[in-house]
Amino acid sequence: MLSSIFKKFAGRSNKKWLKSCQPIVDRINELESGYQSLTEDELKAHTAQFKARFEAGESLDDLLPEAFATVKNAARRLVGSRTSVIGQEVGWDMIHYDVQLIGGMALHQGRIAEMATGEGKTLVSTLPIYLNALSGRNVQLVTVNEYLAQRDSEWMGYLFAYLGLSVGCIKNQMPPEQKREMYGCDVTYGTASEFGFDYLRDNGMAHNAEEQVQRDHYYVIIDEVDSILIDEARTPLIISGPAPIQREQPYTKMKSGIQRLVSKQVAFCNKLANAAKAELESDEETSNSDGAEAADPFADLLLVKLGAPKNKTFMRLMERGDVRSEFDKFETEMHGDLNKDRMYALKERLYYTIDEKQRQADLTENGRVELRPDDPDAFMLPDLATKFSALDKDTSLSQEEKDAIKLKEQEKLEVVGEDIHAISQLLRAYSLYEKDVEYVVQDGKVVIVDENTGRVMPGRRWGDGLHQAVEAKENVTIERESRTYATITVQNYFRMYDKLAGMTGTAETEATEFHDIYKLNVAIIPTNEPCIRVDENDVIFKSRREKYNAAIEDIEEAHKKGQPVLVGTVSVEASELLSRMLRRKNIPHNVLNAKYHQQEAEIVARAGIRGAVTIATNMAGRGTDIKLGDGVKDRGGLLVVGTERHESRRIDRQLRGRCSRQGDPGRSKFFISLEDDLMRLFANSGPMSKILQNSMEEGEPLEHPLLNRSIETAQKKVEQQNYSIRKRLLQYDDVLYKQREIIYGIRNEALHSEDPSQTIFELVEEELAERLESESGSGEGGGYSGFATWVNSHFPVGIREEELDGLDIEAVLDLVLDKVKEAYRIKKTAENEEALIHLERFILLNSIDGRWQEHLTEMEELRRSVSLRSYGQKDPLSEYKNEAYTYFQELIGMIRTQLCSRLFRTATNMVAVENVKTMLARQAVARGPGDSAPAGPIGGGPEGKEVSLPKVAVKRATPKVGRNDPCSCGSGKKYKRCCGS
Ligand code: ADP
Ligand code: MG
């Protein structure tokens with residue numbers, strides 16, 4: 001209700017906005033027709049004139065009509081000429097339409113321009129890019145992949161070059177010098193992750209200013225913005241390398257046990273399902289058996305659902321309306337409070353339970369016994385709180401003995417914790433992650449398939465050991481554990497820009513998220529020609545088999561007429577199945593799935609020619625235009641066949657949008673079955689079983705007014721769930737974001753300042769102040785003896801305690817700091833000035849980097865550990881924030897201490913510095929993951945090359961907590977009264 005009011009309101013405000021654009025459009029066109037009589041040189045001179053006027057104080061908004069008119073007029077003058085785009089000659093035949101001018105305004109205003117596929121968004125972006133580049137700052141355009149970055153930079157570069165703007169394009173493999181040049185251009189094209197990684201490398205890893213490549217975070221336009229800011233935003237960008245210390249991998253060790261468990265459970269569930277089926281069938285014959293017994297088959301079925309939800313017999317039974325409705329009733333009852341014990345007892349008949357929605361798998365008691373008959377408790381976390389408090393009451397032990405026992409218990413907890421973790425990841429790997437759906441195995445590697453784009457994501461890894469578990473399952477080499485050098489979420493990267501804008505065919509359904517997270521408003525731009533696409537109602541079948549058969553029939557029929565068909569699937573598995581079915585019918589076709597994404601663009605471009613049949617995972621080939629071939633218009637244009645509704649409505653819209661571009665004819669139709677994951681997991685069961693009850697013959701589609709609505713509700717549920725996952729991720733990264741800003745700030749000061757010793761002395765001063773403070777806090781008249789000793793052991797200043805007596809803290813600080821600075825000045829006179837600056841930088845960076853990386857690892861561990869605490873009714877996020885704050889304080893403290901102890905100790909002669917410099921150069925190569933890694937966010941260092949990294953910090957046995965903070969063992973007591981007593 002509310003949402004429909006909102007929709008109306010949003011619709012009205014969009015209309016109002018469009019109306020306000022109209023006078024400007026008229027003005028642009030008027031100006032542009034005037035420009036037609038200019039000479040080429042006169043038009044080209046505009047760029048310099050606009051730049052001068054901007055310098056003189058005119059705003060970009062003031063310049064907009066003239067600038068847009070200039071771009072449009074330049075486009076007009078290029079018509080009929082040819083240029084080369086990725087080695088192919090193409091003719092220029094575009095002059096901005098009015099709707100494209102409006103789209104350009106939306107982008108300039110920092111909005112998302114929703115424009116359908118084929119409306120020419122590539123050309124639209126030229127308008128705001130040109131306008132904003134007049135400011136002299138770096139304007140960037142983000143594309144979904146490198147192929148498109150290159151294509152668009154060359155294609156649109158033709159127009160920009162005409163107007164005197166330089167265009168660059170960044171690529172994964174480029175050396176830094178070349179990247180710098182690209183960023184130096186007025187306009188820079190590239191992928192989101194490459195921009196993000198460059199930022200991380202520049203700020204978190206570069207060892208001198210020359211290695212930094214980006215110059216600005218001013219204005220960025222993101223093409224296919226939903227794909228980047230919504231879909232890709234679920235995984236953060238991480239630069240990582242091999243971990244310095246290898247821990248033993250528990251996955252191989254545990255694997256055979258888990259395998260045994262899984263096959264036992266599968267067999268057990270099979271038996272249950274068959275028994276239930278037999279029972280139900282015999283029930284029908286005898287009819288009306290008494291209630292108590294009738295419940296049994298449903299209990300069995302519930303077990304199957306919990307233990308092997310994709311069991312064939314179970315799914316078949318669920319297609320029967322009567323069974324389904326009884327089962328739903330039973331399930332709801334069992335989840336009620338009254339049946340808690342019974343539910344528990346039921347679950348204990350399984351070895352593990354599966355929660356498909358949350359993608360979790362949990363070992364049961366029964367499973368524990370099965371895994372370790374000799375010691376079922378081997379995989380139970382020891383109850384530390386109880387043990388510790390019993391220990392504390394024990395008077396027969398000394399404090400040392402107690403501490404020793406506690407430490408042992410802590411260690412045991414960690415070991416058991418790791419095993420349990422490995423078990424649950426292996427269970428997930430075996431029961432929830434399917435080969436050719438969630439991942440493929442290529443060249444002995446487990447490669448993730450992006451569920452939204454269907455693209456393989458080489459180099460990307462699931463976190464938290466899941467990837468290693470899948471590797472163990474597939475019998476491929478388990479990759480080394482890696483260590484995070486730098487990380488940022490896509491969201492936080494793009495929020496750094498002064499101005500952000502985006503364009504896509506599908507933004508409307510996600511408008512709230514764009515607004516809340518990015519402050520981006522969606523402007524819906526009308527199409528140039530009215531859209532005449534026919535979206536047919538969904539046809540719904542009980543089983544997958546029936547659905548595919550029906551889809552194939554439609555495809556065959558269209559193909560016979562010569563009408564091209566684009567078939568969308570959600571997984572590699574489904575696309576291969578359809579391909580086999582088509583082959584059996586002798587229908588020639590192209591398959592475009594995660595395994596062959598290189599030829600993606602070319603195949604998609606040909607999908608509109610007469611008689612073509614193309615199978616593609618849902619979003620493959622985004623950004624490539626499907627033009628209709630000769631004679632196809634008369635045959636109804638492109639037919640889009642969807643074979644499953646995607647989790648998000650947006651992606652269905654994207655698929656439909658592949659046809660009927662620029663007023664072409666076209667038709668779209670979705671085939672759905674109740675066995676599809678979306679329907680199984682998220683559709684409301686109530687209406688579903690009613691519908692099933694009225695259903696009849698095999699192969700006949702189901703019809704019910706509620707069906708379409710329940711699909712939408714299911715999709716909305718998933719969308720919301722995914723939104724909250726992204727929001728969570730962001731909330732956690734926000735904590736890190738602030739820390740990152742501080743650390744990167746110090747690093748950048750070190751890299752860019754003429755005199756890095758200033759930064760050093762700021763930190764030294766902080767350290768001195770902190771030490772003084774804690775010293776004086778320890779009691780009146782205690783004097784400064786401890787402080788003096790510390791100073792003398794770090795700086796060659798020979799402070800005597802008497803000197804400090806009677807002075808207040810301020811005065812002591814001033815005195816000591818002056819002495820330290822003086823000592824440093826003297827040292828400086830004996831040194832080569834330039835070499836010293838290098839050295840100072842080195843000391844700073846070196847103090848920061850190792851510690852910061854350790855800190856990142858600790859923060860990851862913290863995140864994992866707080867999520868366990870949610871059992872104790874604590875909000876994990878606020879726990880995380882609190883402790884992250886403490887960790888960070890400690891980090892800064894450690895950095896400062898290290899700095900202090902190195903400042904006077906490091907060798908500073910030329911030879912030493914040269915050594916240091918070569919060392920730096922070597923490290924930079926070894927550590928730059930992007931340099932050698934395949935196209936993918938996470939690149940390891942070059943294989944086999946040993947990198948000497950600082951030793952990893954020994955993990956804290958217990959997180960540091962204040963004495964009055966709640967104890968971290970989860971007891972809810974204060975630390976000092978619990979584990980800390
Ligand atoms: P989108 O990104 O919106 O899906 P593209 O930018 O890929 O669309 O453009 C689709 C096709 O439309 C391209 O072949 C392009 O040449 C063509 N096109 C775009 N704008 C115009 C125009 N103003 N006049 C003629 N053709 C255009
Ligand atoms: Mg495009």
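When a ligand or atom number is given, it counts from 1 through the structure's own listing order. FYI, side chains are in, hydrogens and waters are out, and symmetry mates aren't considered; it's all heavy atoms of this structure.
Remark: aromatic rings of H46 and Y35 are close, center separation under 6.0 Å. Here H217 and Y493 bring their ring centres to under 6.0 angstrom of each other.
An N or O contact shorter than 3.5 Å links T122 to ligand 1 by distance. An N or O contact shorter than 3.5 Å is missing between M94 and ligand 1 by distance. Of the polar atoms of I95, at least one N or O is found under 3.5 Å from an N or O of ligand 1, judged by distance alone.
Here W155 has side-chain heavy atoms under 4.0 Å from ligand 1, and that is the only part of it that gets that close.
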One pair to check against side-chain hydrogen bond (donor to acceptor under 3.5 Å, both in side chains): Q150 and W155. What are the steps and the verdict?
CA-CA 8 Å; Q150 190 181 347; W155 194 17; over 6 Å; no

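Considering only non-hydrogen atoms, atom 20 (N) of ligand 1 lies nearest to Q100 out of Q100, E224, R661. Taking all heavy atoms of E119, R658, K627 into account, the minimum distance to atom 14 (O) of ligand 1 is reached by K627.
Residues Y219 and N138 have side chains not in contact (no heavy-atom distance under 4.5 Å, counting atoms from C-beta outward). In this structure the side chain of M503 never reaches within 4.5 angstrom of the side chain of I222, judged on heavy atoms.
Within 6.0 Å of the CD atom in Q88, the count of heavy atoms belonging to other residues, nucleotides or ligands does not exceed 12. The environment of NZ in K633 is sparse: at most 12 heavy-atom neighbours from other residues, nucleotides or ligands sit within 6.0 Å.
From the protein, the heavy atom lying nearest to atom 4 (O) of ligand 1 is G118 N, 2.6 Å. The protein heavy atom nearest to atom 11 (C) of ligand 1 is D625 OD2, 3.2 Å. Here the heavy atom of the protein found nearest to atom 25 (C) of ligand 1 is Y97 OH, 3.3 Å. The nearest protein atom to atom 8 (O) of ligand 1, hydrogens excluded, is given as G120 N, 3.2 Å; this is a heavy-atom distance.
Which parts of ligand 1 touch T117 is read off a 4.0 Å heavy-atom cut-off, strictly below it: atoms 4 (O). The distance from ligand 1 to the heavy atoms of A116 drops below 4.0 Å at these ligand atoms: 3 (O).
Annotation: cation-pi geometry satisfied between R645 and F670 (NZ/CZ under 6.0 angstrom from ring centroid, within 45° of ring axis).
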